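What you are looking at is a predicted structure, and each value in this text was computed from that prediction instead of being measured. Every chain is numbered from 1 and lettered A, B, ... according to where its sequence line falls, protein lines coming before strand lines. We use all heavy atoms of the structure for the numbers below, so side chains are in, but hydrogens, waters and symmetry mates are not.
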2 protein chains.
Amino acid sequence: MRNGSFAYAGGMSRDLPEVPAEVEFALTEDLSFLLARANALSLAAGNAALAAHGLKVRSYSVLMLAAGAQHPSQRGLAEFLRLDPSQVVALVDDLQSRGLIVREPDPSDRRANVVTATDKGRALLAAASASAREAEELLHADLSPQDRAQLVGLLRTIAFPPA
Amino acid sequence: MRNGSFAYAGGMSRDLPEVPAEVEFALTEDLSFLLARANALSLAAGNAALAAHGLKVRSYSVLMLAAGAQHPSQRGLAEFLRLDPSQVVALVDDLQSRGLIVREPDPSDRRANVVTATDKGRALLAAASASAREAEELLHADLSPQDRAQLVGLLRTIAFPPA
DNA sequence: TATTGTTATACTCTATAACTATA
DNA sequence: TATAGTTATAGAGTATAACAATA
């Protein structure tokens, strides 16, 4: 019997073995299951790596997008990150209170807030991204550069469907 | 500047455009980001497909594993699904109260509960897995069978590292 | 009328510790 | 002394509705 989707925690509270030998089910061919488990590992590693910088995966994502050239609105952040706009408010509040980003009304649409990283934010981002990159490299340490590039391409088709 | 990890919601509260045109950042090459976004889409689709059967991705996963030949313990479920054992209690409670699974003490270690699907549970699983499979096929509709097989293989290396 | 950002609230999920019974 | 399951609880994340300012 084949199957559907799975989802798992990004962090674990207790120390459990990595791959329990006694539960080897025939699930390791399921795309949704593998997606969920791989993401859980990625998320846990990312949060652990970013904790030293006072960031989590969420806030790090917002900070990085704010440091880009596009100067996204909060609405734009919500859409790209698949978050509710009301959740973005709290993330932006936190980063702004720490002086890492600023909110500025968009001159062309004064309803919208353009979110931009400060110099302090960019400096923190540089340090944090080094840690994050280390964690990510551990994640795909068992893949060749070619395999990694191919995985990225295939995943992109899932994450951003052509239609 | 390259980067690290991301994580996003499995479901969205409001209707937001799929891929906002105004926020095209250079993030679409990042493995962690793509993993998070692909999983978010997979999770949302899976939960939507399973809702008609009174299941979520979590409870569906437990039900399917309980219906397998291995008859996992709750600890085994927790390890494989990367959940805390205390979370498994609630999932098993719910499925058992609906007559879909049973808990039985393991004769060889009476501390452990072996979780097994009932006939009713197997029947529900059969119906639910058809819905879940439909949802999953939509997810990788843009991939050829070869691409899909390759994606599964590469993801497995991430989800279950050889070391 | 519709949209952006915001607030508030209820709900679910996650993290942690402590307890019991078995080993 | 260690492990499986359980309970309780605090915290984080998610879903939803409503409002003011602007379009």
Side-chain angles (χ1 to χ4, degrees), chain A residues 6-17 20 22-23 36 39-40 43-44 47-48 50-51 55-59 61-62 71-79 81-94 96 101-115, chain B residues 6-17 20 22-23 36 39-40 43-44 47-48 51 55-59 61-62 71-94 96 101-115:
Chain A
F6 294 84
Y8 311 102
M12 293 289 291
S13 54
R14 298 170 194 171
D15 298 284
L16 300 175
E22 84 271 19
V23 271
N39 181 56
L43 181 53
N47 276 329
L50 291 167
L55 294 171
K56 297 183 181 183
V57 166
R58 284 281 169 77
S59 47
S61 304
V62 170
H71 300 295
S73 68
Q74 296 187 192
R75 173 75 41 172
L77 290 170
E79 289 165 349
L81 299 178
R82 287 189 64 81
L83 296 173
D84 192 274
S86 66
Q87 297 176 247
V88 174
V89 173
L91 287 165
V92 170
D93 280 350
D94 173 57
Q96 187 175 40
I101 62 175
V102 289
R103 265 187 261 237
E104 295 162 316
D106 183 341
S108 70
D109 182 347
R110 298 208 315 275
R111 293 173 303 180
N113 286 336
V114 166
V115 178
Chain B
F6 294 83
Y8 311 102
M12 293 288 292
S13 53
R14 296 169 196 172
D15 298 285
L16 300 176
E22 85 270 19
V23 272
N39 181 56
L43 182 52
N47 276 329
L55 295 171
K56 298 184 180 181
V57 166
R58 284 284 168 77
S59 47
S61 304
V62 170
H71 300 295
S73 67
Q74 295 187 194
R75 172 75 42 169
L77 290 170
E79 289 166 349
F80 195 70
L81 299 177
R82 287 189 62 82
L83 296 173
D84 191 274
S86 66
Q87 298 176 247
V88 174
V89 173
L91 287 165
V92 170
D93 278 350
D94 173 56
Q96 188 175 40
I101 61 175
V102 290
R103 266 188 260 237
E104 294 162 316
D106 183 340
S108 70
D109 181 348
R110 298 207 316 275
R111 293 174 303 178
N113 286 337
V114 165
V115 178

Please report the distance, rounded to the nearest Å, between [atom1] in [X] and [atom2] in [N].
{"X": "B/F80", "N": "D/dA4", "atom1": "CZ", "atom2": "P", "answer": "18 Å"}
{"X": "B/L81", "N": "C/dT14", "atom1": "CG", "atom2": "P", "answer": "12 Å"}
{"X": "A/Q87", "N": "D/dA12", "atom1": "CD", "atom2": "P", "answer": "14 Å"}
{"X": "B/D94", "N": "C/dT12", "atom1": "CG", "atom2": "P", "answer": "11 Å"}
{"X": "A/L43", "N": "D/dG13", "atom1": "CG", "atom2": "C1'", "answer": "12 Å"}
{"X": "A/D84", "N": "D/dT16", "atom1": "CG", "atom2": "P", "answer": "9 Å"}
{"X": "B/D93", "N": "D/dG5", "atom1": "CG", "atom2": "C1'", "answer": "11 Å"}
{"X": "B/L83", "N": "D/dT6", "atom1": "CG", "atom2": "C1'", "answer": "16 Å"}

Notebook entry, point to check: Of the residues in residues 103-112 of chain A, which ones touch DNA chain D at a heavy-atom distance under 4.0 Å?
Noted result: A/D109, A/R110, A/R111
Please examine the side chains of [Y] and [X], heavy atoms only from C-beta on, and report whether any two atoms are closer than 4.5 Å.
{"X": "A/R58", "Y": "A/L83", "result": "yes"}
{"X": "B/V62", "Y": "B/V88", "result": "no"}
{"X": "A/P85", "Y": "A/R75", "result": "yes"}

Next item on the list: Looking only at non-hydrogen atoms, find the nearest pair between A/D84 and A/A78 and report the distance.
Entry: C-CB, 4.2 Å
Note to self: Between A/R75 and D/dT22, is there a contact of a side-chain N or O with OP1 or OP2 at under 4.0 Å?
What the structure shows: no
Margin query: So, OP1 or OP2 of C/dT12: does either fall under 4.0 Å of a side-chain N or O from B/K56?
Written below: no
Item checked: salt bridge (Lys or Arg N to Asp or Glu O under 4.0 Å) involving A/D109 - partner list, sequence neighbours excluded -> A/R111
Margin query: Within this structure, what is the CD-CG distance for the pair A/Q74 and A/L91, rounded to the nearest 0.5 Å?
Written below: 9.5 Å
Notebook entry, point to check: How many angstroms lie between atom CD of A/Q96 and atom CG of A/N113, to the nearest 0.5 angstrom?
Noted result: 8.5 Å
Note to self: For the backbone of B/V57 and the side chain of B/N47, can you confirm whether one donor and one acceptor N or O come within less than 3.5 Å of each other?
What the structure shows: yes
Next item on the list: Please round to 10 degrees the angle between the axis of the first five pairs and the axis of the last five pairs in the helix from C/dT1-D/dA23 to C/dA23-D/dT1.
Entry: 10°
Item checked: Those residues that, when tested against B/D93, pass side chain to side chain contact (heavy atoms under 4.5 Å, CB included) (two or more places apart) -> B/V89, B/R103
Margin query: Determine whether a donor-acceptor pair (one donor, one acceptor, N or O, separation below 3.5 Å) exists between the side chain of A/S73 and the base of C/dT4.
Written below: no
Note to self: Taking donor-acceptor contacts at under 3.5 Å, does the side chain of A/S86 reach the base of D/dT16?
What the structure shows: yes
